[in-house]
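So the structure is just underneath, and the comments pick up after that.
Whatever order the structure lists ligands and atoms in, that order sets their numbers, starting from 1.
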Amino acid sequence: MHSGDGKMATIGVLSLQGAVTEHLACLNQLEIVRGVAVKTRPPLEKVDALIIPGGESTAIGKLLKEYDLIAPLQERIKGGMPVWGTCAGMILLANRIVNQDTTYLNVLDVAVRRNAYGSQLDSFQAQAVVEKVSPEPFPLVFIRAPYIEQVGPEVEVLLCLHGHIVAVQQQHILATAFHPELTGDLRFHRFFVNMLNEAA
Ligand code: GLN
């Protein structure tokens, strides 16, 4: 994909903690966008879209606050920058965390439960079709994953697995409880690039 000035569009990966290199590798494999690590405000102002990776939401959230990135990030998202949160990223985007008082970016109208699958199912794999993204099933990797318990009126549910909401889209905001960047399957990253094309 190319932005208006003929240059390849840039997708940032928030690089404070978590599965950063995996997302960058997926983006660069697509060969249609440039993936860059975003740790500070100057690159955040320049990217065309942003991925907030999985990891530990408390750690990433703490660093977002320490580096004064909450307000600039909220501003860019409210201004229409496409953003995709995977796992911890979904928690960071949510405006409600049912088992924790602190929230972070408050831009996605969902109530999310952290570590929702409990100790036995802390991590598991599954397969499912996410119709809006592709007709063929996806391999789904869940690692101490959250799920969504409630969604607001603007939120489209993309996947409900075992009765729990695990992928949603709210206009230019995408959130998945699972980790496409760990599966070698690039269809979700391609879907996100299409969201960027539509937003442009
Ligand atoms: N359990 C983590 C959290 O609550 C999320 C795990 C992940 O991103 N894989 O932040």
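Within 4.0 Å of ligand 1, counting heavy atoms only, the contacting residues are G54, G55, E56, S57, C87, A88, I91, R114, N115, I143, R144, H179.
Surrounding CZ of R114 are more than 12 heavy atoms belonging to other residues, nucleotides or ligands, all under 6.0 Å away. For Q127, the CD atom is densely surrounded, since the number of other residues' heavy atoms within 6.0 Å is greater than 12. Counted within 6.0 Å of NZ on K65, heavy atoms from surrounding residues, nucleotides or ligands total more than 12; the atom is thus considered enclosed.
Aromatic ring centres of F124 and F178 lie farther apart than the 6.0 Å criterion allows.
Taking a cutoff of 4.0 Å between a charged side-chain nitrogen and a carboxylate oxygen, R96 and E149 do not qualify as a salt bridge.
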Report the C-alpha distance between Q29 and H189 in whole Å, list the side-chain angles of each, state the deciding distance to 0.1 Å, and finish with yes or no for side chain to side chain contact (heavy atoms under 4.5 Å, CB included). CA-CA 10 Å; Q29 267 174 51; H189 290 80; over 6 Å; no
